[in-house]
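Being a predicted model, the structure only gives us computed values, none of them experimental. Residue numbers start from 1 in every chain, and the chains themselves are labelled A, B, ... in the order their sequence lines are given, proteins ahead of strands.
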There are 2 protein chains.
Amino acid sequence: MDNFNFYSPTFFVFGKERENEAGKYVKRYGGTKVLIHFGGGSVIKSGLLDRVKSSLTAQNISFIELGGAKPNPRSGLVYEGINICKRENVDFVLAVGGGSAIDSAKAIALGAVYDGDFWDFFIGKNIQKALPVGVILTISAAGSEGSFASVITHENGMIKRSAHSDALRPVFSIMNPELTCSLPDYQLACGATDMMAHVLERYFTNTKNVEITDRICEAILLTVIKETPKALANANDYESRANLMWAGMVAHNDICGVGREQDWSSHQMEHELSAFYDVAHGAGLAVMFPAWMKFVMHHDIMRFAQFAVRVWGCEMDFQNPQTTAIQGIAKFEQFLLSIGMPVRFSDLGANEKDIPTMVKTAGVGSNTIGSFVKLTEKDIEQIYKLAL
Amino acid sequence: MDNFNFYSPTFFVFGKERENEAGKYVKRYGGTKVLIHFGGGSVIKSGLLDRVKSSLTAQNISFIELGGAKPNPRSGLVYEGINICKRENVDFVLAVGGGSAIDSAKAIALGAVYDGDFWDFFIGKNIQKALPVGVILTISAAGSEGSFASVITHENGMIKRSAHSDALRPVFSIMNPELTCSLPDYQLACGATDMMAHVLERYFTNTKNVEITDRICEAILLTVIKETPKALANANDYESRANLMWAGMVAHNDICGVGREQDWSSHQMEHELSAFYDVAHGAGLAVMFPAWMKFVMHHDIMRFAQFAVRVWGCEMDFQNPQTTAIQGIAKFEQFLLSIGMPVRFSDLGANEKDIPTMVKTAGVGSNTIGSFVKLTEKDIEQIYKLAL
């Protein structure tokens, strides 16, 4: 196990009707003038936004609203939010939504207390501080409610990049699984896939002797595999949504990834895919992950066999562990299909002829991406082709 | 799943040689005058205390030392620590040791900022504040390095009670698995048992549909079962100790227990046992837990069957799940024996004739303890007898 630090100071407020406590928690964490940042009209139509505003008003907290956060959130809205914060002396950013609204809110919180361009932090500048961010989560997927990351696509060149800092961990996150009951099946399945990817990018590691985090990774995967079909089968099944919501947080606050080398190359390859075709992040991952697995499997057959046996219930082939490894990947792909995910380029409207451009945009050049297996541009091209 | 809050703001500093960063973290969390609280001479003999002191001195932080914390830590030393803190204007308590030193340090931190008797907080008074507590952990067991609890035995009547508050969560915990390599086998095994108990008291619940926390509980148990024999077999196996150390924290910071009814009656019954005979907490648990299981098993055979299948690899007897449930408890007991734990009263020097007194001291009266099954005094007596 490698040396590590782990710090997850977010106050999680989980359960039915908890969004009505938003005002109380904004006050506890010092907010007096709040930017409420959200996505589309669903939080308005559902009445959620009104409930949150009432909760703030009840605590005499003033607020400004900024809607419009979209999947693969863009820099334009971040700049707009930063301007509002600076102009109106906003001291707290409250995200109401999923990963897009939260990531966008985090980027706004960064830029609001910085004189330069917020994008600096997405191209390597060290993060020192940000406004406090609170979250009211409406979809189980990105894990941004407990994570230290923000992913933004810059409209100048459609470049998708991430920033990381413990300063980006939300001060509180309100997680009411009821809010996810109205999600379309496709979004729910994309979310489940995103969670699984967050775990798998920690699971496939070269670090030896990491049983505790291996087992926690497997715990989360087993939960998602059991609960997602139940949630899809019954839109009002609170319990499966509750399990998925907590799983999504645990999948990405890094409790399952500490002390081990991680490999985020699939996310990176997917980022190019989703920036290029604007497909849902989870759907892109469903296409990229099995392809990546098929390419890197031979690097550590026994780890893939463990994945197959412990996560997918495959029987170990002691004569030929590779058979088991292959079965595990096949079961994963079948599961993705069963929850309505695409697993091929063509399902996404993606096209073989764009592969060279995506490989270039990935910006690898003479370097490599990934850790489990270090991927060259040639490798990335082959993985994209395995996804055809 | 029940509604819950979860808040684990401790900054965990994990890995080799990390104790040398103690000064840096005390400074980060505002300490200028530190009470270093530790147990016996082992932290002196090993040179650990000197390294910690050097690290504080390097940051110009002054300190006072208070040793003497013992297993089942006592009120006398807590009062002494509180007096020192008040007299010397201590603003930070640094525990160097295991659960005893940490729990004692937490109680000192409570009393240092309170005009009344610190014991008030252990008999129900609400906790508002405490001095910040930092930890340098030397044994994987109690989980106090990440927990919100402190357990103290009052010398007036030898009553063991606990206090709970997020204010008792350490601000940082330094966890270097190397420090546990010199532990005697018996202590290591007691620690492993304590961890398992922390998980099991969350695992056996009446709350339905808690797959994510069930799975995380099982992940921790599977890790302890795999790593403890490795650690016992080779005192210098850093990796098994690293897995156990992180498992011990995760077992008790409540990430595996949120949103579900918990049942701490085994701990409560063990507290009477260890207060009475001054046996190691883990050893007392090894005796009490299987007895409790045998008594409550019939309340939910399928949960015990799940425990048997998922944790102990038993084959499910679909015709007669009770057979599987019984096998699981037997395997647990065999495991405890295999790591050198006692599993009967007589192994502890405990005596049948003391049972009535222990039942009385447990202070149940007309009330009950526990949640999975609510235990009357008569039930407790039967459980103690099952442990004979």
Side-chain angles (χ1 to χ4, degrees), chain A residues 1-18 21 146 166 169 172-173 175-177 207-227 230 237-251 253 255-256 258-259 310, chain B residues 1-18 21 146 166 169 172-173 175-177 207-227 230 237-251 253 255-256 258-259 310:
Chain A
M1 200 181 297
D2 299 335
N3 282 11
F4 65 85
N5 295 341
F6 178 70
Y7 181 54
S8 172
T10 305
F11 193 99
F12 295 101
V13 180
F14 191 100
K16 292 177 181 169
E17 301 180 13
R18 306 292 310 261
E21 298 172 46
D166 280 330
R169 299 221 187 230
F172 71 81
S173 283
M175 304 168 73
N176 176 359
T207 313
K208 300 294 177 203
N209 301 306
V210 283
E211 187 72 7
I212 180 66
T213 38
D214 268 8
R215 290 286 187 185
I216 297 176
C217 285
E218 290 156 2
I220 301 166
L221 293 169
L222 287 163
T223 303
V224 175
I225 293 164
K226 180 171 176 185
E227 301 297 334
K230 286 163 65 181
D237 179 14
Y238 174 85
E239 299 294 351
S240 57
R241 283 172 166 74
N243 276 287
L244 288 173
M245 194 169 243
W246 194 241
M249 192 292 285
V250 183
N253 84 330
I255 190 86
C256 69
V258 291
R310 291 191 185 171
Chain B
M1 202 182 296
D2 301 334
N3 283 10
F4 65 86
N5 296 339
F6 178 70
Y7 181 54
S8 172
T10 305
F11 193 99
F12 295 100
V13 181
F14 190 102
K16 291 177 182 169
E17 299 180 14
R18 306 292 308 264
E21 298 172 49
D166 280 331
R169 298 217 187 236
F172 71 80
S173 284
M175 305 167 73
N176 175 0
T207 313
K208 300 293 176 201
N209 301 305
V210 283
E211 187 72 8
I212 180 66
T213 38
D214 269 7
R215 290 286 188 187
I216 297 175
C217 284
E218 289 155 3
I220 300 165
L221 293 170
L222 287 162
T223 303
V224 176
I225 293 164
K226 180 170 175 185
E227 302 296 334
K230 286 162 66 182
D237 180 13
Y238 175 85
E239 299 294 350
S240 58
R241 282 172 166 73
N243 276 286
L244 288 174
M245 193 170 244
W246 194 240
M249 193 291 286
V250 183
N253 85 331
I255 190 86
C256 70
V258 290
R310 291 191 184 170

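Across all their heavy atoms, B:N253 and B:S8 have their closest contact at ND2-OG, 3.1 Å.
Within the 4.5 angstrom heavy-atom criterion, atoms from both the backbone and the side chain of A:I255 approach chain B. With a 4.5 angstrom heavy-atom cutoff, A:Y238 touches chain B only via side-chain atoms. Interface remark: A:V210 contributes backbone atoms only to the contact with chain B (heavy atom separation under 4.5 Å). Contacts between A:K226 and chain B at a heavy-atom distance below 4.5 Å involve the side chain alone, from C-beta outward. Only the side chain of A:R310 comes within contact range of chain B, with heavy atoms under 4.5 Å apart.
Ranked by heavy-atom pairs under 4.5 Å with chain B, the first of A:F14, A:F172, A:Y7 is A:F14. Looking only at heavy-atom pairs under 4.5 Å with chain A, the residue among B:M175, B:R18, B:E227, B:K230 that has the most is B:R18. When each of A:I212, A:L222, A:V258 is checked for heavy-atom pairs under 4.5 Å with chain B, A:I212 comes out on top.
Considering only residues two or more places apart in sequence or on other chains, B:D166 meets the side-chain hydrogen bond (donor to acceptor under 3.5 Å, both in side chains) condition with B:R169. Applying the ring pair (Phe, Tyr, Trp, His ring centres under 6.0 Å) test to B:F6 and every residue at least two apart in sequence or in another chain returns A:W246.
Of the possible donor and acceptor atoms, one in the side chain of B:N243 sits under 3.5 Å from a partner among the backbone N and O of A:E211. The main-chain N or O of B:F11 is never found under 3.5 Å from a side-chain atom of A:N5 such that the two would form a donor-acceptor pair.
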